[in-house]
Trainee: 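Pasting a structure here, questions to come.
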Protein chains: 2
Amino acid sequence: MGRNRATLADVARRAGLSKTAASMVLNGREGTRLSAEAHQRVFAAAEELGYRPNLAARSLRTRKTATIAFVSDIVATTRFAGDLIRGALDAARERDHVLLITETQGDATFEQYAIEAVLDRQVDGVIYAAMATRRLTVPAAILGGPVVLLNATSPDGLPSVVPDDEGAGRSVATALLELGHRDAIALIGRNRLKEDDPEVSLAARARLHGIRQTLDEAKVGLLAECFCTEWLPEHGYAAMRSLLSKPKRPSAIICMNDRLAFGAYQALGEAGLTVPEDISVISFDDDPIAAWLRPSLATTALPHEQMGRRAVELLLDGGAAEPSLVPMPLRRRRSLAPPAG
Amino acid sequence: MGRNRATLADVARRAGLSKTAASMVLNGREGTRLSAEAHQRVFAAAEELGYRPNLAARSLRTRKTATIAFVSDIVATTRFAGDLIRGALDAARERDHVLLITETQGDATFEQYAIEAVLDRQVDGVIYAAMATRRLTVPAAILGGPVVLLNATSPDGLPSVVPDDEGAGRSVATALLELGHRDAIALIGRNRLKEDDPEVSLAARARLHGIRQTLDEAKVGLLAECFCTEWLPEHGYAAMRSLLSKPKRPSAIICMNDRLAFGAYQALGEAGLTVPEDISVISFDDDPIAAWLRPSLATTALPHEQMGRRAVELLLDGGAAEPSLVPMPLRRRRSLAPPAG
DNA sequence: ATGCTCTGCTAAATCAGTTTAGCGACCACT
DNA sequence: AGTGGTCGCTAAACTGATTTAGCAGAGCAT
């Protein structure tokens, strides 16, 4: 990689000036008294030689690398990781930085390795990302430099970026109320573990809270709440079947995520019911399947790309210490209608 | 980040030896004549000081960075990107390397930026990845060092890693033949553009070829072939409906990917047909939805994680120049049954 | 005693930048 | 004439590693 690149000394020689002069000109240093002509000559020489500074040499002296570490627990499992990374990548590029990516897989040994690898390379800062919104403890070793938590919060009060799940809960409930649903709204996806342990999830509690708050204000109660051990399609399917076996059929279903909703659709289809004529469905995440379902599924989008971008901005431009909440936009789609009758 | 780290000079001083000695011992240089005692003292000193070499300084001298660039056209759009990256990450870690990730978004300006960023950092090699298996031309600038193409081939004969789509085509066809399907197999997802332009896709042609070859050998012809402008659920849905409107109903459907199959399921459900009793379905990719569908969808898995891993191995350990084909395993699931009657 | 080799180790150069300290020329002012 | 300040620029130190060249002393043969 990169064999015979021109060095600063080459540029200086060609410009007939010293390395010092060339360095100062190219770095646009203020307060230097180099003549306009010297500037010209240096720029011309650099241009002609296709000069690009050797970043290893520079960072040896300056301790800056224009590199950000992106350390996450698990990148691959969820499709959302890609968006988080893409947002970060974009924002990093705009600021002339680059992303060093490592993954801990939740394994302490790997985490140790990742941290050493990152510190050894003297990154300018670390984005510590979680794939499920949750609380976590940041390893002390990286606290020597700037750190931003992405999709996570920590007890240390580090700057962090998380989605506004509570707001999403309110949006979802409001959307149903506006359509006239009142006494027959059911919820699929209650989960004690997710709701009670912030190290597992922050989203479940916040979403539930937003929903409850909005319904309470409207003096509306939930018709039923189904607990699910996981938020996967099969659990949504089972929950929906159990709801349909009860005497009073719901007019609308809120699913805690799109995969549950997908399962609910399957059960509804088997039961010969149609969405949204018989039952409205609304959900969270905006997984790609939400748009692929028939009818398309209304949901609140996890703004992962935005979040990734925000994390880089907080890291490089500095920012408030309290968690930065990124709104989750409501995607109104075909699965919503006023209650039948 | 990393303020007061011990330097090699510190270690040497503590060991009562020169920097040269310390460097040689720590790098395990052969043929040096340093005493066993000197080794002991250096190791002890390094241990006590928690010494970690400054990689910027090292790579300034050696031109090695223990860093691999992962340049891709689009990371976020497809969920598979995550697996590609994860595989690469794992293999890189095993070899004590780290991944620098950039994205070109198919944009020439971004590509230029990515390449400069990568060259400036003197990476040890570049993995140039495409998100859809295709042929592409590698920018000349990165040819100065090792390059491996991932999920792509190039006219330059660079080492590359691609999935064995043709083999997958054969597996899919064989699976149906073994179940007894012969005269009523239909295909969804023909697409001239994908089949004819290797810069768009290599997969379509290879899959089709594998299918045809196997069916030909068994003297079996396709009942019908549906063309789709894209490989999205809605197109699978439309194709399936058109198939069902014809007099002879197929006994099995091959879909060119899982998203088409998802759409086909929707159409089948609406038509009141059940999979696999009425119609078997088999597909390609092993998208997560394949396992979520009811019944679960048989498909051939894109081995993205394996591929990412292989790319790193080829890059660092060297390897053959001809494309490295990674097998696509068949996932036998519920959507397959012998033809009815 | 001299020359030779081998052993165990080190001084100094090198990589390519940034940064500090300061030099010589010129001008203005007292 | 001497002093001080500004201007335009440079030499050299510095970052922290690797690597080349070579030194001092011991052992051995002649």
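As a basis for the values below, the full set of heavy atoms in this structure was taken, side chains included, without hydrogen atoms, waters or symmetry mates. Since this is a predicted model, take the numbers as computed values, not measurements.
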Trainee: Take atom CG of L8(B) and atom P of dA12(C), then tell me their distance rounded to the nearest Å.
Mentor: 17 Å
Trainee: So, is S59(A) close to the dG17(C) phosphate, meaning a side-chain N or O under 4.0 Å from OP1 or OP2?
Mentor: no
Trainee: Nearest to the side chain of R63(B), which nucleotide is it out of dG16(D), dT18(C), dC15(C)?
Mentor: dC15(C)
Trainee: Rounded to the nearest angstrom, tell me the gap between atom CG in N54(B) and atom P in dA16(C).
Mentor: 16 Å
Trainee: Could you tell me how far apart R58(A) (CZ) and dC14(D) (C1') are, to the nearest whole angstrom?
Mentor: 16 Å
Trainee: With sugar-phosphate meaning primed atoms plus P, OP1 and OP2, does A38(A) contact a base, only sugar-phosphate, or nothing at under 4.0 Å between heavy atoms?
Mentor: sugar-phosphate
Trainee: Applying the salt bridge (Lys or Arg N to Asp or Glu O under 4.0 Å) criterion to R134(B), which one of D73(B), D165(B), D197(B) satisfies it?
Mentor: D73(B)
Trainee: Any side-chain heavy-atom pair from V123(A) and V126(A) closer than 4.5 angstrom?
Mentor: yes
Trainee: Taking the side chain of P53(B) as heavy atoms from C-beta outward, which of dA17(D), dC9(C), dA16(C) is closest to it?
Mentor: dA17(D)
Trainee: Indicate, yes or no, whether a donor-acceptor pair under 3.5 Å links the base of dG16(D) to the side chain of K19(B).
Mentor: no
Trainee: Going by side-chain contact (heavy atoms from CB on, under 4.5 Å), name the residues that satisfy it together with L325(A), two or more places apart in sequence or in a different chain.
Mentor: V162(A), D164(A)
Trainee: For the pair made of CG in L26(A) and P in dT19(C), what is the distance, rounded to whole Å?
Mentor: 13 Å
Trainee: Just compare dG22(D), dC9(D), dC15(C) and give me whichever is closest to any side-chain atom of L17(A).
Mentor: dC9(D)
Trainee: Distance from I127(B) atom CD1 to R310(B) atom CZ, nearest 0.5 Å?
Mentor: 13.0 Å
Trainee: To the nearest Å, how far apart are L60(A) CG and dT19(C) P?
Mentor: 12 Å
Trainee: N27(A) has an atom CG; how far is it from atom P of dT19(C), in whole Å?
Mentor: 7 Å
Trainee: Could you give the CE-to-P distance, from M24(A) to dC7(D), as a whole number of Å?
Mentor: 15 Å
Trainee: Would you mind telling me which of dG8(C), dG16(D), dT20(D) lies closest to the side-chain atoms of T7(B)?
Mentor: dG16(D)
Trainee: By nearest heavy atom, map R33(A) and G16(B) onto DNA chain C; which one lands nearer the 5' end?
Mentor: G16(B)
Trainee: Among the candidates dT19(D), dC9(C), dA16(C), find the nucleotide nearest to the side-chain atoms of T20(B).
Mentor: dT19(D)
Trainee: Rounded to whole Å, please give me the gap between NZ in K64(B) and P in dA16(C).
Mentor: 15 Å
Trainee: Taking the nucleotide of DNA chain D with the closest heavy atom to each, which residue, A57(B) or R29(B), is nearer the 5' end?
Mentor: A57(B)
Trainee: Is NZ or CZ of R93(B) both nearer than 6.0 Å to the six-membered ring centre of F110(A) and within 45° of the ring axis?
Mentor: yes
Trainee: Name the closest nucleotide to the S23(B) side chain, picking from dG16(D), dC15(C), dT18(D).
Mentor: dT18(D)
Trainee: As a test of reading the structure: which of dC9(D), dT14(C), dT20(D) is closest to the side chain of R61(B), going by heavy atoms?
Mentor: dT14(C)
